[in-house]
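One structure is given below, encoded as structure tokens.
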Amino acid sequence: MSKPVIVYGASGYTGRLVCEYLREYNVPFIAAGRDKARIQEAMDKVPGIDTIEHDIVEVSHDVEPLSELFDGAKVVLNTVGPFAQYGREVVEACINTGCHYLDTTGEQDWLIVCDEEYGERMAAKGLLLAPGIAQMYTTSEIAAQLCLERPGVDTLDILVFWKGTPTVASTRTILVNACLSKAYYLEQNQYTEWPADAGLYDVAIPGQHEIGLALPWGGMSHPVWFKHDPRVANVKVLGGILNPPLMKAVPQIVQSILAGVEGLELEQKLAVLHEQAGGVTPQMPPRENPRINISVDSVHASGPLGRVHSVLYGNCNYKQTGLLNAYAASQLIQGGNRKVGFASACQAFGHRELHGVLKSFGLVQDPVLTVNG
């Protein structure tokens, strides 16, 4: 195939950014989804799109037509969520056709499914299964991996913050995950459920005097990734948006929606959740501005006799997501992955390499590392 990468869900905000950065890496691609007109409209907005070879393909969301589309490709970048609802067909099609699988999920339950149900099947075919490549997870994992370079730490306390507006798809995924799934942290290598009624957590955000408000945000990806890392026993992750009024509203929105779907069948619940998400985020957010849309990823790593604190200050979290996925795809085309089967972006491509990529595009600074003990 002359176009080795398929961006599935290319009409969305994140999918469009992935295509933009694939152009930066001069990687031909197929922009695919369920509505050709919407994909064309999205591609028309990608700067310089006429300088990179690409096709636009409409495909239905079933294993057989997806397998036909993927046949001959090398990498599938999936941005169609909620992934717990729509991801299985895409992974099955990747297994059928021998394609590496990447996605932008933040759904912890989907990561656990990928790990426990699909990891070995993908590894047996020499394929990478790397869900959760996104600023909210990968950039903070880079900070965590920098801490783990120092021996003697086994506990990760991770904090993720960004300033901006969730996309329509992100809001839908957040609400479905919050209302239908449990959230876990890692305690002595075992999943432990976050208290469902804990509400907001007060946290100290590096670089500011104001106390922030955070949530477990579905448990996030890190406890699943680090469950297989022999250096790590405990992982807790909290995250939020640098917008206190919005953060205060999130638990209220979730509780209101939960009350509204009580007693409904699953399909009915999903329909209500998708409708409610459209009301919370009715339109695409504007293109990010690095002077406004900042990100802060902080990790306290500790052990019996040592502590390390790592902070990565950055900007434009959706651009970080698009770039990370495009870079991962370009590496996979060249056989540059370090692992097959289930793995995080850092485990598959190297945390220092990923940091270098983000820095080279002006999206993160050098890490601020503080070592004690």
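Everything quoted here is computed from the prediction, not taken from an experiment.
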Would a 4.5 Å heavy-atom cut-off, applied to side chains only, mark Leu242 and Ile294 as touching? yes

Between Glu149 and Gln145, is any side-chain donor less than 3.5 angstrom from a side-chain acceptor? no

Could you go step by step and tell me if Arg88 and Tyr118 meet the side-chain contact (heavy atoms from CB on, under 4.5 Å) rule? CA-CA 9 Å; Arg88 289 179 180 271; Tyr118 291 114; 3.4 Å; yes

Could you report the tightest heavy-atom contact between Ala10 and Ala42, atom names first, then the distance? O-CB, 3.9 Å

Under 3.5 Å donor-acceptor, Thr79 side chain and Gly9 backbone: yes

Decide whether Val57 and Tyr101 are clustered together by the hydrophobic rule: side chain heavy atoms of Ile, Leu, Val, Met, Phe, Trp, Tyr closer than 4.5 Å, transitively. yes

Donor-acceptor side-chain pairing of Asn372 and His309 below 3.5 angstrom: no

Single-linkage hydrophobic cluster Val296~Trp162, side-chain heavy atoms < 4.5 angstrom: no

Reported CZ-to-CG distance for the pair Phe83 and Asn78, which is rounded to 0.5 angstrom: 5.0 Å

Within a radius of less than 6.0 Å around CD of Glu64, do more than 12 heavy atoms belonging to other residues, nucleotides or ligands occur? no

Ile39 pairs by side-chain contact (heavy atoms from CB on, under 4.5 Å) with which of Val7, Ile56, Ile30? Ile56

Donor-acceptor pair, Asn243 side chain versus Leu246 backbone, under 3.5 Å? yes

Arg23 and Gly48: which non-hydrogen atoms are nearest, and at how many Å? NE-O, 2.8 Å

Are the side chains of Met122 and Ile95 in touch, meaning some heavy atoms are under 4.5 Å apart? yes

Between Leu354 and Val311, is there shared hydrophobic-cluster membership here, with clusters defined by ILVMFWY side-chain heavy atoms closer than 4.5 Å? no

Do Val224 and Phe342 come close enough that some side-chain heavy atom pair is under 4.5 Å? yes

Can a salt bridge be assigned to the pair Glu20 and Lys319 using a cut-off of 4.0 Å between side-chain N and carboxylate O? no

Does atom CD of Glu117 have more than 12 heavy-atom neighbours, drawn from other residues, nucleotides or ligands, at distances under 6.0 Å? yes

Do Ile142 and Cys346 come close enough that some side-chain heavy atom pair is under 4.5 Å? yes

Backbone N or O of Asn234 within a donor-acceptor pair of the Gln188 side chain at under 3.5 Å? no

Evaluate Thr321 against Gln135 for side chain to side chain donor-acceptor pair (under 3.5 Å), listing each step before the verdict. CA-CA 5 Å; Thr321 298; Gln135 180 274 328; 5.9 Å; no

Taking the six-membered ring of Tyr191 as reference, does the cationic atom of Lys227 (NZ for Lys, CZ for Arg) lie under 6.0 Å from its centre and within 45° of its axis? yes

Roughly how far apart are Ile205 CD1 and Phe161 CZ, rounded to 0.5 Å? 4.0 Å

Within the distance-only criterion (no hydrogens, no angle test), does the side chain of Ser298 pair as donor or acceptor with the backbone N or O of Pro206 below 3.5 angstrom? no

Check for me whether the distance between the ring centres of Tyr318 and Tyr13 falls short of 6.0 Å. yes

Would the distance check show the side chain of Gln334 and the main-chain N or O of Gly336 forming a donor-acceptor pair, the cut-off being under 3.5 Å? no

Looking at every heavy atom in both His100 and Leu128, which two are closest together, and how far apart are they? ND1-N, 2.9 Å

Hydrogens and angles aside, do Tyr327 and Asn325 bring a side-chain donor and acceptor to less than 3.5 Å of each other? no

Cys19 side, atom SG; His54 side, atom NE2 - distance, nearest 0.5 Å: 8.0 Å

Can Asp109 and Lys182 be counted as an ion pair, charged N to O under 4.0 angstrom? no

List the steps, then state whether side-chain contact (heavy atoms from CB on, under 4.5 Å) holds for Ile133 with Asp103. CA-CA 6 Å; Ile133 300 180; Asp103 75 30; over 6 Å; no

Output yes when Arg231 and Asp154 qualify as a salt bridge under the 4.0 Å nitrogen-oxygen rule, no when they do not. no

Does the separation of the ring centres of Tyr185 and Trp194 fall below 6.0 angstrom? yes

In the structure I gave you, are the side-chain heavy atoms of Asp366 and His355 within less than 4.5 Å of one another anywhere? yes

Are Ile158 and Tyr313 joined in one hydrophobic group, where the rule is that I, L, V, M, F, W and Y side chains link up if heavy atoms are under 4.5 Å apart? no

Nearest heavy-atom contact between Asp115 and His228 is OD2-NE2, 2.8 Å

Interatomic distance, OG@Ser360 vs CG@Leu323, rounded to 0.5 Å, equals 6.5 Å

Main-chain N/O of Gly314 paired with Asp297 side-chain donor or acceptor, under 3.5 Å: no

For the OG1 atom of Thr165 and the CG atom of Asn293, what is their distance to the nearest 0.5 Å? 7.5 Å

Heavy-atom side-chain contact between Leu66 and Val59 under 4.5 Å: yes

Between Leu324 and Val357, is a side-chain contact (heavy atoms from CB on, under 4.5 Å) present by the stated rule, with each step listed? CA-CA 8 Å; Leu324 287 165; Val357 169; 5.7 Å; no

Quick check against the 3.5 Å criterion: does Arg307 have a side-chain atom that pairs as donor or acceptor with the backbone of Val371? no

Please lay out, stage by stage, how Gln108 and Met220 fare under the test side-chain contact (heavy atoms from CB on, under 4.5 Å). CA-CA 5 Å; Gln108 189 183 76; Met220 297 221 236; 5.6 Å; no

Are any non-hydrogen side-chain atoms of Leu238 and Val160 less than 4.5 angstrom apart? no

From Gln347, Glu353, Gln331, residue fulfilling side chain to side chain donor-acceptor pair (under 3.5 Å) relative to Arg338: Glu353

Determine, stepwise, if the pair Phe361 / Tyr21 fulfils ring pair (Phe, Tyr, Trp, His ring centres under 6.0 Å). CA-CA 10 Å; Phe361 279 81; Tyr21 282 107; 5.7 Å; yes

Would you compute the distance between atom CD of Gln85 and atom CD of Glu107 and round it to the nearest 0.5 angstrom? 9.0 Å

Can you check whether Lys45 reaches Arg16 side chain to side chain, under 4.5 Å on heavy atoms? yes

State whether a side-chain donor-acceptor pair under 3.5 Å links Gln320 with Asn315. no

If Ile, Leu, Val, Met, Phe, Trp and Tyr residues are connected whenever their side-chain heavy atoms lie under 4.5 Å apart, and connections chain through other members, are Val368 and Leu159 in the same group? yes

Between Val27 and Ser330, the two heavy atoms sitting closest are CG2-CB, 4.1 Å

Flag the pair Glu58 and Arg34 as a salt bridge only when some basic side-chain nitrogen lies within less than 4.0 angstrom of an acidic carboxylate oxygen. no

Mind telling me whether His222 and Phe226 have parallel, tilted or perpendicular rings, with 30° and 60° as the class edges? parallel

In terms of the angle between their ring planes, are Tyr8 and Phe70 parallel, tilted or perpendicular, with boundaries placed at 30° and 60°? perpendicular

On a heavy-atom basis, the closest approach of Val5 and Ala329 is CG2-CB, 4.0 Å

Basic-acidic side-chain contact under 4.0 Å: Glu92, Arg121: yes

